[in-house]
Amino acid sequence: MLSLIQKFMKKQIIYSIDLPYIIFFILIIFLSNITNSKDPEQIIKEFITQYPGKCPCPYSMMSNGKVCGKKSAYLKSSGYELLCYVSDIKDKKGKFIEKKNVKIIDGDTIHINKKKYRLYGIDAPEINQKCKINKKEYKCGIKSKVFLKSLTSNKEIICRKKDIDKYKRIVAVCFANGENINQIMVKSGWAIAYRYYSKDYIEDEIFAKKNRLGMWKGSFTNPGYWRRKN
């Protein structure tokens, strides 16, 4: 009789310890189902209401009752995952889109869902690198990073692998909504053609230099030489 009571008490203790965890996981599943069952328009409305800034989406209603104009956070590089249209939430087949976590490291390196990508065939100034315009220094490494962020913000990023470098990064040509961002970085003057590895973007570099775009407005040190020196 005593052994039966002890077994019963042991089961009760195990049950009491596990019960909070069971309830927790049931709650997580329940909340997940509620989120997935929400209508896209409802999700967008809740996002606009909870957005900490003034104007998240074009022509949306602001907290002061006024309507946003065309210029909104959606059209800028804001750092938020903005939800303004159904296409931001569901794909053409009506399935919920799994958002990619894109982080810009510098003008030629990006992380997508924890995968590290090095943009193929280009070389951008390092974050701490400075360039000159009219003999005055400015942080061209930061400028290059900001420009790349503006190219990728709120866009679908697809990268085509070319190689793996010695730092275990995926060397790739990447596209933002179908546009080759490797090429745009060079053609806009915020990176140079990495001739040691590729000749793909030499013509784009010549264009940027001829039109004095980006770093070509002034003088700068070749990023590769700057790295060796510093």
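- There is a path of hydrophobic side-chain contacts, each under 4.5 Å, that joins I181 to M215.
- The NZ atom of K132 lies 11.5 Å from the SG atom of C140; values are rounded to the nearest 0.5 Å.
- Residues R227 and A124 come closest through the heavy atom pair NH1-O, 4.3 Å.
- The nearest pair of heavy atoms linking K145 to I105 is CD-O, 3.6 Å.
- Ring orientation note: the planes of Y138 and W190 are nearly perpendicular, at an angle over 60° on the 30°/60° scale.
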* To do: For the pair V173 and K162, evaluate side-chain contact (heavy atoms from CB on, under 4.5 Å) and give the outcome as yes or no after the intermediate values.
  => CA-CA 7 Å; V173 178; K162 301 279 284 187; 4.3 Å; yes
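- With rounding to the nearest 0.5 angstrom, the CD1 atom of I206 is 15.0 Å from the OH atom of Y201.
- Put simply, the side chain of N134 never gets that close to the backbone of K136: no donor and acceptor are under 3.5 Å apart.
- Neither F220 nor W226 shares a network with the other; the hydrophobic side chains, linked directly or stepwise wherever heavy atoms of I, L, V, M, F, W or Y lie under 4.5 Å apart, form separate groups for each.
- Put simply, the side chain of N101 never gets that close to the backbone of N113: no donor and acceptor are under 3.5 Å apart.
- Clustering ILVMFWY residues whenever any of their side-chain heavy atoms sit less than 4.5 angstrom apart, transitively, puts V186 in the very cluster that holds I192.
- Residues C159 and A172 share a closest heavy-atom pair of CB-CB, 4.0 Å.
- Residue N222 holds its CG atom at 7.0 Å from CZ of R228, rounded to the nearest 0.5 Å.
- Summarising the geometry of L151 relative to A176, their closest heavy-atom pair is O-CB, 3.4 Å, with the distance given to 0.1 Å.
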* **From CA spacing to verdict: salt bridge (charged side-chain N to carboxylate O under 4.0 Å, His left out), R118, D123** => CA-CA 9 Å; R118 173 64 164 81; D123 200 11; 3.2 Å; yes
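- With hydrogens and angles ignored, the 3.5 Å screen pairs no side-chain donor or acceptor of S198 with any backbone N or O of Y194.
- Of all non-hydrogen atoms in Q129 and T221, the two that sit nearest each other are NE2-O, 2.8 Å.
- Taking each heavy atom of V171 and I164 in turn, the nearest pair found is CG2-C, 4.3 Å.
- Rounded to the nearest 0.5 Å, atoms NZ (K103) and NZ (K149) are 10.5 Å apart.
- E205 places a side-chain N or O within donor-acceptor distance of the main-chain N or O of A193, the cut-off being under 3.5 Å.
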* Please step through side-chain contact (heavy atoms from CB on, under 4.5 Å) for the pair K210 and W216, ending with a clear verdict. => CA-CA 8 Å; K210 183 180 178 180; W216 297 102; over 6 Å; no
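- I157 and I122 end up in the same hydrophobic cluster when Ile, Leu, Val, Met, Phe, Trp and Tyr side chains are linked at under 4.5 Å.
- For the atom pair K115 NZ and K168 NZ, the distance stands at 15.5 Å (nearest 0.5 Å).
- Rounding to the nearest 0.5 Å gives a distance of 11.0 Å between SG of C174 and CG of D108.
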* When you look at S144 and D106, which way does the side-chain contact (heavy atoms from CB on, under 4.5 Å) test go after all the steps? -> CA-CA 7 Å; S144 178; D106 55 33; over 6 Å; no
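- Residues D163 and Y120 have side chains not in contact (no heavy-atom distance under 4.5 Å, counting atoms from C-beta outward).
- Residue F207 belongs to a hydrophobic cluster whose other members are L213, with links defined by side-chain heavy atoms closer than 4.5 Å.
- The 12-atom threshold is exceeded at CG of N230, counting heavy atoms of other residues, nucleotides or ligands nearer than 6.0 Å.
- Annotation: K155, atom NZ; neighbour count of heavy atoms from other residues, nucleotides and ligands within 6.0 Å is above 12.
- Checking side-chain atoms of N180 against main-chain N and O of F175 turns up no donor-acceptor pair under 3.5 Å.
- A single hydrophobic cluster is seen to contain both I170 and I110, as judged by linkage of ILVMFWY side chains at heavy-atom distances under 4.5 Å, directly or through other members.
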* **side-chain contact (heavy atoms from CB on, under 4.5 Å) between L148 and L119, intermediate numbers included** => CA-CA 11 Å; L148 179 56; L119 300 184; 4.2 Å; yes
